[in-house]
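As structure tokens, the structure follows; a few thoughts come after it.
Note: hydrogens, waters and symmetry copies are ignored here, and every other heavy atom, side chains too, is used. Here is how names work: the chains are called A, B, and so on, in the same order as the sequence lines, proteins then strands, and each is numbered from 1. Predicted model only: the values in this text are computed from it and were never measured.
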Amino acid sequence: MESPRTPQDWNLTPTEAVALQKRLREQLILQPPPGLKVTRLGGADISTEKGNDTGYGGMVVLDAATLQPVARAMAAVPLSFPYVPGLLSFRELPVLEAVWARLTVRPDVLVFDGQGTAHPRRFGIACHGGLLFDLPSIGCAKSLLVGTPGKLAERRGATAPITHKGEVVGMAVRTRQGVSPVYVSPGHRMDLETAVEWVLKASPRYREPETTRHAHRLVNDFRRAGGESAELEEERPG
DNA sequence: GCGACAG
DNA sequence: ATCTTGTCGC
């Protein structure tokens, strides 16, 4: 039997990864928990270097009301899977799994840098990550992997459904007037409407949500510091 | 077979 | 994603 709580084996071939996606997607719940209260929003990202096989991952937790950071965690982990369009989670989640283990303050919703259901097999990194960490998750990408967005107005808050093979798989969302939209889709324990609502709340000023912006800065600083940080030093005995 | 292709 | 400087525009 397979369970999201079962430690996942990351030592897979691309073919095996595709098969696993098809099995895991059956466990997705595309509806938020009844009465979901979001007081903390999380963001996750990883950074890489050219001639280096290390993934520098990080997560940030923001107060959902003020969007101010309240917690963070990082981890540097060797990358064992190449970047293959449609299989991003197999490259990034092993890193984020180590980060998640170090994150003591957990968010109510986690925003991923990539797709949720707007994916060839409806199982983008936000779906896989939400299932793995067992929490509501959202995919918010800067570009499309699959699907065609409808035309959307220029004003902030404008939305247009992303259709793929006759189905709505996500939403193009204009978070800032006159700027290209971001592409939102539910991950796990989430629906499209709630996902769009929170991405807009998290993006009061810039194109990308504050969760993503904070996470992006965190992992870039972490990488440039060579995977060293005061916080990690403290955790190291000796 | 050809083109597209999250990060 | 990363490699990289300046530059156009609000």
Side-chain angles (χ1 to χ4, degrees), chain A residues 10 14-15 17-18 21 24-25 28 43-60 74-97 99 110-132 137-149 154-156 162-165 169-173 175-188 190 192 195 199 205-209 211-227:
Chain A
W10 295 113
T15 301
V18 168
Q21 288 182 322
L24 291 179
R25 71 181 175 188
L28 278 187
D45 195 14
I46 78 164
S47 179
T48 61
E49 270 178 346
K50 199 175 186 178
N52 183 355
D53 70 338
T54 302
Y56 300 87
M59 288 187 188
V60 296
M74 303 86 94
V77 175
L79 296 168
S80 56
F81 200 92
Y83 169 68
V84 179
L87 298 178
L88 179 65
S89 65
F90 294 89
R91 177 174 175 78
E92 300 201 345
L93 286 184
V95 182
L96 295 180
E97 195 173 41
V99 176
L110 185 57
V111 180
F112 286 83
D113 204 344
Q115 317 293 346
T117 57
H119 179 276
R121 289 168 294 281
R122 304 283 193 283
F123 200 73
I125 187 170
C127 301
H128 199 162
L131 213 48
L132 188 66
S137 59
I138 294 170
C140 180
K142 297 178 291 298
S143 62
L144 284 171
L145 176 59
V146 295
T148 307
E154 284 298 321
R155 65 164 203 290
R156 172 190 144 79
I162 299 165
T163 303
H164 180 57
K165 295 184 173 177
V169 297
M171 196 81 87
V173 179
T175 52
R176 186 177 178 174
Q177 186 173 76
V179 170
S180 55
V182 292
Y183 305 98
V184 179
S185 55
H188 180 50
M190 181 58 54
L192 183 52
V199 165
R205 178 164 183 195
Y206 300 103
R207 182 197 179 208
E208 297 197 77
T211 44
T212 302
R213 301 183 71 244
H214 274 93
H216 202 273
R217 252 181 304 144
L218 175 67
V219 296
N220 276 321
D221 290 348
F222 182 51
R223 173 175 59 79
R224 289 166 191 150

Exercise for review: Quick one: label A:Leu93 by what it contacts on the DNA or RNA (base, sugar-phosphate, nothing), any heavy atom closer than 4.0 Å.
Suggested key: nothing

Review point. Is A:Gly86 touching bases, backbone alone, or none of the nucleic acid, heavy atoms closer than 4.0 Å?
Key: base

Check your understanding: Is A:Asn220 near enough to C:dT2 that one of its side-chain N or O atoms lies under 4.0 angstrom from OP1 or OP2?
Key -> yes

Review point. If we ignore angles and hydrogens, is there a donor and acceptor under 3.5 Å between the side chains of A:Asp113 and A:Thr212?
Key: no

Check your understanding: Base, sugar-phosphate, or nothing for A:Leu144, non-hydrogen atoms under 4.0 angstrom?
Key -> sugar-phosphate

Check your understanding: Ignoring hydrogens and geometry, is there a side-chain-to-backbone donor-acceptor pair from A:Ser137 to A:Ala126 under 3.5 Å?
Key -> yes

Exercise for review: Could you tell me the separation between the NZ atom of A:Lys142 and the C1' atom of C:dT2, rounded to a whole number of Å?
Suggested key: 13 Å

Dump the pairs, protein N or O against N or O of nucleotides 3-7 of chain C, anything under 3.5 Å, distances to one decimal.
none

Check your understanding: Using a heavy-atom cut-off of 4.0 Å to chain A, what are the terminal contacting nucleotides of DNA chain B, in 5' to 3' order?
Key -> B:dC5 to B:dG7

Review point. Is it true that a side-chain atom of A:His119 and a backbone atom of A:Val146 form a donor plus acceptor pair closer than 3.5 Å?
Key: no

Point to revise | Test item: A:Glu97 side-chain N/O and A:Gly129 main-chain N/O as donor-acceptor pair under 3.5 Å | key: no

Check your understanding: Can you check whether A:Val173 reaches A:Val182 side chain to side chain, under 4.5 Å on heavy atoms?
Key -> yes

Check your understanding: Can any side-chain N or O of A:Thr211 pair as donor or acceptor with the backbone N or O of A:Gly43 at less than 3.5 Å?
Key -> no

Practice item. Determine whether the aromatic ring centres of A:His128 and A:Phe112 lie less than 6.0 Å apart. Key: no

Practice item. Could you tell me whether a side-chain N or O of A:Arg207 sits under 3.5 Å from a main-chain N or O of A:Lys142, the two making a donor and an acceptor? Key: yes

